[in-house]
Asker: 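Quick one: the structure is below, and I'll ask about it shortly.
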There are 2 protein chains.
Amino acid sequence: MDHQRGFQQGEHQGECKAELALKVIQGRWSVLILRELVDGIQRFSDLQRALEGVSQKVLTAQLRDLEADGVVHRTIHPEVPPRVDYALTDLGIELLPVLDGLHAWGERQADFNAASR
Amino acid sequence: MDHQRGFQQGEHQGECKAELALKVIQGRWSVLILRELVDGIQRFSDLQRALEGVSQKVLTAQLRDLEADGVVHRTIHPEVPPRVDYALTDLGIELLPVLDGLHAWGERQADFNAASR
DNA sequence: CTGTATCCAACTGGATACTG
DNA sequence: CAGTATCCAGTTGGATACAG
């Protein structure tokens, strides 16, 4: 085995940056939001339409969390009616390959699930 | 932007394998358990000692989940007193690079957190 | 249009005690 | 040693109504 770097580092004292990353994308809609934003800037209402089933309160909360984590940028246009749009930050863009990795592994895991029936 | 493959695929209809992968490693202790198992087979009591703060009930539950997800293998030795040990499956080993990716991104995210104070 | 404010049900994890 | 069984508190997300 040669995975001697990365999340296994240190004395296994509980502190692990992989967990930090997980906290960021743990939300029920976080990954889905990020996926929508890959296509570019989206307005609040665009996201709400794309993410069928999300309520205003929850969508707002998840976007605020992602913003606080530096993954998403929020722009308020001072107009009437108000317009707000969301975009990935550089940090958010750097997250995309990681999500690709999760996705790829998820496909293999799905195969396992299918096989174990 | 050239991230046109992976978790962004499809018509964004909500079904996403990255979320499936996340479900597997979402547990409070899942990543920590996996990290312990990188070093090789571990007994239940080894894990409980390494993961300071986990209760028997919760550790059992998380291990059962990881086993059901095909990430961990459980071996019962029919002895008295009982001995049970846990190891990564092939699928579990394939998860390690993904966790490395999360870890690496987590470090950059930590930098952001540090900078935004 | 883009939120906030309440209330609430479900789920997760923790404390503790007991068992084969 | 390696669990199970209860009970319980905190958090998350959803339904709904209201507001700038």
Asker: In whole angstrom, give the distance that lies between atom CG of A:Leu47 and atom P of C:dT2.
Answerer: 9 Å

Asker: Once side-chain contact (heavy atoms from CB on, under 4.5 Å) is applied, do any residues pair with A:Ala110, and if so which ones, sequence neighbours excluded?
Answerer: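 Once residues adjacent in sequence are excluded, the partners of A:Ala110 under the side-chain contact (heavy atoms from CB on, under 4.5 Å) criterion are B:Lys17, B:Leu20.
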
Asker: Quick one: side-chain contact (heavy atoms from CB on, under 4.5 Å) partners of B:Arg74, sequence neighbours excluded?
Answerer: B:Arg64, B:Glu67, B:Ile76, B:Val84, B:Tyr86

Asker: Side chains of B:Val58 and B:Trp29, heavy atoms from C-beta outward: is any pair under 4.5 Å?
Answerer: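 Contact flag for B:Val58/B:Trp29 side chains = yes.
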
Asker: Applying salt bridge (charged side-chain N to carboxylate O under 4.0 Å, His left out), can you list everything that pairs with A:Glu52, at least two apart in sequence or on another chain?
Answerer: none

Asker: Find the distance B:Leu63:CG to D:dT4:C1' and express it as a whole number of Å.
Answerer: 15 Å

Asker: Given C:dT2, is OP1 or OP2 found less than 4.0 Å from the side-chain N or O atoms of A:Arg64?
Answerer: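 For C:dT2, OP1/OP2 do not have a side-chain N/O of A:Arg64 under 4.0 Å.
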
Asker: May I have the distance from B:Leu59 (atom CG) to D:dC1 (atom C1'), rounded to whole angstrom?
Answerer: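 Distance check: B:Leu59 CG to D:dC1 C1' gives 13 Å.
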
Asker: Output all residues satisfying salt bridge (charged side-chain N to carboxylate O under 4.0 Å, His left out) with A:Asp69, sequence neighbours left out; order by chain, then residue number.
Answerer: none

Asker: Restricting to side-chain contact (heavy atoms from CB on, under 4.5 Å), what partner residues turn up for B:Val98, sequence neighbours left out?
Answerer: A:Leu102, A:Trp105, B:Leu95

Asker: Does anything in residues 73-87 of chain B reach DNA chain D, meaning a heavy atom under 4.0 Å, and if so which residues?
Answerer: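 Per residue number, the list reads B:Arg74, B:Pro81, B:Pro82, B:Arg83, B:Val84, B:Tyr86.
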
Asker: Go through the structure and list residues passing side-chain hydrogen bond (donor to acceptor under 3.5 Å, both in side chains) with B:Thr89, not counting sequence neighbours.
Answerer: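 If we apply the side-chain hydrogen bond (donor to acceptor under 3.5 Å, both in side chains) test to B:Thr89, skipping adjacent residues, there are no hits.
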
Asker: By side-chain contact (heavy atoms from CB on, under 4.5 Å), which residues pair with B:Asp46, not counting sequence neighbours?
Answerer: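 Partners of B:Asp46 under the side-chain contact (heavy atoms from CB on, under 4.5 Å) test: B:Gln42, B:Arg43, B:Arg49.
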
Asker: In whole angstrom, give the distance that lies between atom CZ of B:Phe44 and atom C1' of C:dG20.
Answerer: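 Going from B:Phe44 (CZ) to C:dG20 (C1'), I get 15 Å.
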
Asker: Using C1' atoms of five pairs at each end, report the bend of the helix from C:dC1-D:dG20 to C:dG20-D:dC1 rounded to 10 degrees.
Answerer: 50°

Asker: In whole angstrom, what separates A:Gln42's CD from C:dT2's C1'?
Answerer: 16 Å

Asker: Report, as yes or no, whether the 6.0 Å neighbourhood of atom CG on B:Asp90 holds more than 12 heavy atoms from other residues, nucleotides or ligands.
Answerer: no

Asker: Residues two or more places apart in sequence or in another chain: which of them pass side-chain hydrogen bond (donor to acceptor under 3.5 Å, both in side chains) with A:Gln48?
Answerer: none

Asker: If the condition is salt bridge (charged side-chain N to carboxylate O under 4.0 Å, His left out), which residues does B:Glu94 pass it with, not counting sequence neighbours?
Answerer: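 Counting only residues at least two positions away or on another chain, B:Glu94 forms a salt bridge (charged side-chain N to carboxylate O under 4.0 Å, His left out) with A:Arg108.
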
Asker: Extract from the structure each pairing of a protein N or O with an N or O of nucleotides 13-17 of chain C at less than 3.5 Å, listing the distance.
Answerer:
from, atom 1, to, atom 2, distance (Å)
C:dG13, OP1, B:Arg28, N, 2.7
C:dG13, OP1, B:Gln62, NE2, 3.3
C:dG13, OP2, B:Gln62, NE2, 3.0
C:dG14, OP2, B:Trp29, NE1, 2.9
C:dG14, O6, B:Lys57, NZ, 2.1

Asker: Counting just side-chain N and O atoms, does A:Arg43 come under 4.0 Å of either OP1 or OP2 of C:dT2?
Answerer: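 Yes, A:Arg43 has a side-chain N/O under 4.0 Å of OP1/OP2 on C:dT2.
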
